[in-house]
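Just below is one structure, and these are the notes that go with it.
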Amino acid sequence: MQKECILVIGAGGQIGTVLTEALRSVYGQSQVIASDLKPLPESSGPSLILNALDGQALNDVVSKYQITQVYHLAAILSATGEKDPLKAWDINMTSLLNILEIARQKPLHKVYYPSSIAVFGQGARHENTPQLEVLIPETVYGISKATGENWANYYHKRYGVDVRSLRYPGIIGYQSLPGGGTTDYAVDIYHYAIRGEIFPCFLHANTALPMLYMPDAIRATLELMEATSDKINVRTSYNLAGMTFTPAEIASSIQKIIPDFNITYQPDFRQAIADSWPASIDDSAARNDWGWKPEFSLDAMTKDMILHLQ
Ligand code: SER
């Protein structure tokens with residue numbers, strides 16, 4: 001059997017940083033090539049600079065390193081995307097289509113493409129949002145992810161590309177910082193708490209959003225990608241859930257360990273984005289098809305985050 005050689009695109013990002021190391025521990029350090037737009041810090045394996053908008057450069061890297069799987073984590077997220085919608089659309093779609101085309105032509109064994117709760121919007125049920133729900137996203141990020149899911153499904157059905165996807169909720173971890181998302185507050189809040197500062201939250205106290213702790217997010221990704229193809233019945237993207245909480249609830253979870261911690265609420269344009277997203281997600285398709293089960297609750301995550309950040 002050919003040894004897998006994995007290319008991670010966006011390896012310097014919030015999830016890419018952690019996922020690259022997790023993939024290296026499974027497939028071997030030299031078998032996982034980390035790539036990003038900017039030079040990556042010294043890490044445990046090979047890395048290179050790559051712009052996924054440059055299809056030829058991508059093609060060259062895939063040939064040179066005999067890449068068999070691509071994890072495409074680069075994207076402009078919800079809040080940043082609203083500042084320049086056409087640029088966000090171009091970056092998010094061109095990079096995906098470049099990868100899908102190479103996957104079809106080379107061919108690659110597998111492609112991973114994250115989607116997001118941002119695909120939901122107008123008309124979608126707010127609580128326990130089902131797998132099959134109306135998708136009328138209200139951000140350009142959500143539009144690009146909903147469209148990307150459909151392209152993934154199309155490349156699978158038409159060309160047999162084994163592309164798999166998860167609709168990540170907000171992801172929280174101590175290893176890396178998110179950039180430009182609406183759920184970022186739930187990472188920043190821990191950094192403020194550790195520094196002993198008051199946290200100015202850009203969402204209302206009672207804005208419930210679906211969230212997932214990084215170890216669960218990484219495990220979900222690896223389990224999805226390792227499942228046999230016959231278990232993957234959803235070729236757009238799987239709903240994925242961990243926990244749901246509001247800014248007030250995460251603040252009181254932190255106060256159980258750091259009693260002096262304080263939060264203030266100063267909602268900005270991101271409030272409307274959060275309001276358009278589900279509060280909770282029905283992930284029964286992922287549970288039934290490939291055995292997904294989250295481990296971390298809010299309090300367990302808070303304990304672990306504070307332990308590591310301290
Ligand atoms: N974390 C993302 C964002 O807030 C959602 O997928 O944009």
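Each ligand, and each atom within it, is numbered from 1 in the order the structure gives. Hydrogens, waters and symmetry mates are skipped; everything else that's a heavy atom, side chains included, is used. Treat the numbers as computed from the prediction; the structure is a model and nothing was measured.
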Close-contact set for ligand 1 against [X] heavy atoms, below 4.0 Å:
X      : answer
Leu77  : 7 (O)
Ser116 : 5 (C), 6 (O)
Ser78  : 3 (C), 4 (O), 7 (O)

Query raised in the report: Any nitrogen or oxygen of Trp277, main chain or side chain, under 3.5 Å from a nitrogen or oxygen of ligand 1?
Result: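 In fact, backbone or side chain, Trp277 has no N or O that close.
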Query - Stepwise side-chain contact (heavy atoms from CB on, under 4.5 Å) check, Glu82 with Val140 - result: CA-CA 7 Å; Glu82 293 310 288; Val140 68; 3.6 Å; yes
Requested in this report: Under the side chain to side chain donor-acceptor pair (under 3.5 Å) rule, collect the residues that match up with Asp304, sequence neighbours excluded.
Outcome: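 Result, side chain to side chain donor-acceptor pair (under 3.5 Å) vs Asp304: Tyr213.
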Query raised in the report: When you measure from atom 4 (O) of ligand 1 to every protein heavy atom, which one gives the shortest distance, and what is it?
Result: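 Going atom by atom, the protein heavy atom closest to atom 4 (O) of ligand 1 ends up being Thr182 N, 2.6 Å.
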Query - Any donor-acceptor pair under 3.5 Å from Ser95 side chain to Asn92 backbone - result: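 Flag set: sc Ser95 to bb Asn92 pair under 3.5 Å.
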Side chains of [X] and [Y] in contact at under 4.5 Å (non-hydrogen atoms):
X      : Y      : result
Met214 : Gln14  : yes
Glu101 : Tyr155 : yes
Pro247 : Thr207 : yes

Requested in this report: Counting heavy atoms only, name the option from Ile273, Thr183, Asp184 that's nearest to atom 1 (N) of ligand 1.
Outcome: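 Among Ile273, Thr183, Asp184, the closest heavy atom to atom 1 (N) of ligand 1 comes from Thr183.
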Query - Within-shell test, Ile117 vs ligand 1, heavy atom, strictly < 4.0 Å - result: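 No.
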